[in-house]
Amino acid sequence: MPRIHFLDVTNRDGVQTARTGLSKFGKTMVNFYLGRLGVAQSEIGFPFLFHEAPYVRAQVALAEAGAFGGLRLSGWCRGVARDVEQALPLGLAHYNLSISTSDYMIANKFRGRLDRAAIIREMTEAVRTAKAGGARTVGVNAEDGSRTDDGFLTEFALAAKEAGADRVRYCDTIGGDTPDRIRERFAKLAAATGMPVETHCHNDLGMAVANSVSGALGDLEAGQDAWVNTCVNGIGERAGNADLLSTILAFRHGFGLGGRAEIGDPLDLSWARRFALWASYALGQPLPYNQVGVGANAFAHESGIHADGALKDHGNYELYDEETLGPFPEDWHARRGRVVLTGEYGGRAGFRHVLDGLGVEPADEETAFRLVQLCNAMTGRPLTDDELRLIATYPHELALLFPGGLD
């Protein structure tokens, strides 16, 4: 039976969100949480950019050390061979290569520089370069796929498959698709190519989650696995991307999906609240009160009928059990009253006090101590308990984030 897999793009599309930002250490924590949740793959960033190189090396080392569980790490490159050539030495095994495919973008973005034939030529050369360089999987992204006609979309995907690609990503780049349409298009494209079609849905009409579910169902109807792109808390450019938790909950609890939509990832939602609240803290983006599953009002009742019913049995007015989403974090740095913290300007006594209080013994105390100072300086905010635990457990791998910084 074909299955659904989640490929989270927080560290690529999510971090491009205007008026926000995430440090390289913050991006590392995203991978940590995705690994704890059991998500299949993380698109960790842009390995062809010079300032991402130390971060990518650190992620590869952390993955090899087991810090991210079974999470697969992938890099995003433009669909041109030179990007892939620059990325390959960093050791990633998975790639997504992106190029625009719609006539609208050919006319108004490329403006005569590329036509359809050139798009296919550039993309296939990039795929072959990645595969020749040892990539285990390669996905090709049809940017603005929702405005690309069926004929060229199929031609593009088949050319990619012949060059060695494993999946094609259908990007609803401007968020204009609708559930019925995207489901039909996914079923048609997956059947025509014999490849999984990956959802990448933006939320400009508030339908990113609905479109992601529908597109995945189109894959399953065609007998192909579905790969669903998400971002934590639904962050992303403009109105955002499909929210990770909302999409998972939709597949788990949406009426009529039982038996037709089996999730192939070993998901553990007991980390959901910790991830969501950490991301809100790290990104400086408050969670809406009505954020699915993790908002302050997600399980709050006030009106008389609802309150009475919830007190008798929460199932009267709640679709799923809030306890499955795990505890809310109660971090050391958020304690009230007298508290000793550790950070950029902290000394060894405070460092030991905090780690002892967390019950953590660092693998290398000197390196961990310096990393706490550097990571605090990088983030500009108190480090969370999970961040401190990761530093203490994997100091040598995390040191790769700071070439020369620990000398």
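With hydrogens and angles left out, the side-chain atoms of Asp177 and Tyr170 include a donor and acceptor closer than 3.5 Å. For the residue pair Asp8/Thr230, the side-chain donor-acceptor check at 3.5 Å is satisfied. Defined by atom type and a distance below 3.5 Å, a donor-acceptor pair is missing between the side-chain atoms of Trp227 and Gln41. Side chains of Thr28 and Gln59: a donor on one and an acceptor on the other come within 3.5 Å. Checking Asn141 against His200 by side-chain atom types alone, no donor-acceptor pair falls below 3.5 Å.
Among all heavy-atom pairs drawn from Asn316 and Gly309, the shortest one is ND2-O, 2.9 Å. What you find for Ala126 and Ala81 is that their closest heavy atoms are CB-N, 3.9 Å. Pairing each heavy atom of Asn229 with each of Ala242, the nearest pair is O-CB, 3.8 Å. Closest heavy-atom contact between Gly79 and Ile99: O-CD1, 4.2 Å. For the residue pair Pro2 and Asp225, the shortest heavy atom distance occurs at CA-OD1, 3.3 Å. When all heavy atoms of Val228 and Ala216 are compared, the pair lying nearest together is CG2-CB, 4.1 Å.
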Salt bridge (Lys or Arg N to Asp or Glu O under 4.0 Å) between Arg57 and Glu397, intermediate numbers included: CA-CA 9 Å; Arg57 291 190 185 97; Glu397 292 80 8; over 6 Å; no
Chi angles and distances behind the ring pair (Phe, Tyr, Trp, His ring centres under 6.0 Å) call for Phe68, Phe32: CA-CA 5 Å; Phe68 305 144; Phe32 167 80; 7.6 Å; no
Verdict with reasoning, Asn31 to Leu62, per side-chain contact (heavy atoms from CB on, under 4.5 Å): CA-CA 10 Å; Asn31 294 328; Leu62 284 161; over 6 Å; no
Trace of the salt bridge (Lys or Arg N to Asp or Glu O under 4.0 Å) decision for Asp172 with Arg181: CA-CA 12 Å; Asp172 184 20; Arg181 179 179 186 269; over 6 Å; no
Residue pair Thr193, Lys161: steps toward the side chain to side chain donor-acceptor pair (under 3.5 Å) verdict: CA-CA 8 Å; Thr193 61; Lys161 182 179 181 179; over 6 Å; no
Derivation of the side chain to side chain donor-acceptor pair (under 3.5 Å) call for Asp386 and Thr384: CA-CA 5 Å; Asp386 287 338; Thr384 67; 5.5 Å; no
Worked check of side-chain contact (heavy atoms from CB on, under 4.5 Å) between Arg252 and Leu267: CA-CA 11 Å; Arg252 279 194 171 181; Leu267 299 176; 3.7 Å; yes
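Screening residues 197-217 for salt bridge (charged side-chain N to carboxylate O under 4.0 Å, His left out) gives Arg167-Glu198, Arg169-Glu198, Asp204-Arg238 as the qualifying pairs, with residues at least two apart or on separate chains. Residue pairs that meet the side chain to side chain donor-acceptor pair (under 3.5 Å) test with at least one member in residues 206-222, sequence neighbours left out, are Arg183-Glu221.
Under the 3.5 Å distance criterion, the side-chain polar atoms of Asp331 are left unmatched by any main-chain donor or acceptor of Ala334. The backbone N or O of Gly343 lies less than 3.5 Å from no partner atom in the side chain of Asn376, so there is not a single donor-acceptor pair. In this structure, Arg185 contributes its side chain and Gly145 its backbone to a donor-acceptor pair below 3.5 Å. A donor-acceptor pair under 3.5 Å is absent between the side-chain atoms of Lys24 and the main chain of Tyr55, judged by distance alone.
Taking the side chain to side chain donor-acceptor pair (under 3.5 Å) definition, one finds that Asp166 meets it with Lys131, sequence neighbours left out.
One finds no salt bridge joining Arg348 and Glu365 here, because no Lys/Arg side-chain nitrogen approaches an Asp/Glu carboxylate oxygen to under 4.0 Å. Ion pair Lys188/Asp150 flagged as a salt bridge, since at least one NZ, NE, NH1 or NH2 atom sits closer than 4.0 Å to an Asp/Glu carboxylate oxygen. In this structure, Arg274 does not pair ionically with Asp385, as no charged nitrogen and carboxylate oxygen lie closer than 4.0 Å. A salt bridge between Glu125 and Arg121 is absent, with no side-chain N of the basic residue lying under 4.0 Å from a carboxylate O of the acidic one. Ion pair Arg78/Asp83 flagged as a salt bridge, since at least one NZ, NE, NH1 or NH2 atom sits closer than 4.0 Å to an Asp/Glu carboxylate oxygen.
Taking 4.5 Å as the limit, every side-chain heavy atom of Thr17 sits out of range of all side-chain heavy atoms of Val15. Counting heavy atoms from C-beta outward, Ile391 and Leu383 have side chains that approach closer than 4.5 Å. Using a 4.5 Å cut-off on side-chain heavy atoms (C-beta onward), Phe186 and Gln224 make no contact.
The CG atom of Leu244 sits 9.0 Å away from the CG atom of Asn233 when rounded to the nearest 0.5 Å. Atom OG of Ser102 sits about 9.5 Å away from atom CZ of Arg116, to the nearest 0.5 Å. In this structure, OG on Ser100 lies 5.0 Å from CE on Met105, to the nearest 0.5 angstrom. We find the SG-CG distance between Cys231 and Asp243 to be 9.0 Å, quoted to the nearest 0.5 Å. Put simply, CG on Leu88 and CZ on Phe48 are 13.0 Å apart, with the number rounded to the nearest 0.5 Å. Interatomic distance, Glu366 CD to Arg370 CZ, rounded to the nearest 0.5 Å: 4.5 Å.
The local environment of CD in Gln16 is crowded, with over 12 non-hydrogen atoms from other residues, nucleotides or ligands closer than 6.0 Å. In this structure, Asp180 places its CG atom where only 12 or fewer heavy-atom neighbours from other residues, nucleotides or ligands lie under 6.0 Å away. Within 6.0 Å of OH on Tyr104 lie no more than 12 heavy atoms contributed by other residues, nucleotides or ligands.
Ring-plane geometry between Tyr320 and Phe299 is classed as perpendicular, the angle between the planes exceeding 60 degrees on a 0 to 90 degree scale with a lower cut at 30. Using cut-offs of 30° and 60° on the angle between ring planes, the pair Trp76 and Phe46 is perpendicular.
When the options Val127, Thr129, Val138 are evaluated for a side-chain contact (heavy atoms from CB on, under 4.5 Å) with Val84, the one that passes is Thr129. Exactly one residue among Thr148, Thr101, Ile119 makes a side-chain contact (heavy atoms from CB on, under 4.5 Å) with Ile106. That residue is Ile119. When each of Glu237, Glu52, Glu43 is checked for a salt bridge (Lys or Arg N to Asp or Glu O under 4.0 Å) with Arg12, only Glu43 meets the rule.
Relative to the ring axis of Trp271, Arg273 does not place its NZ or CZ within 45° and under 6.0 Å from the centre.
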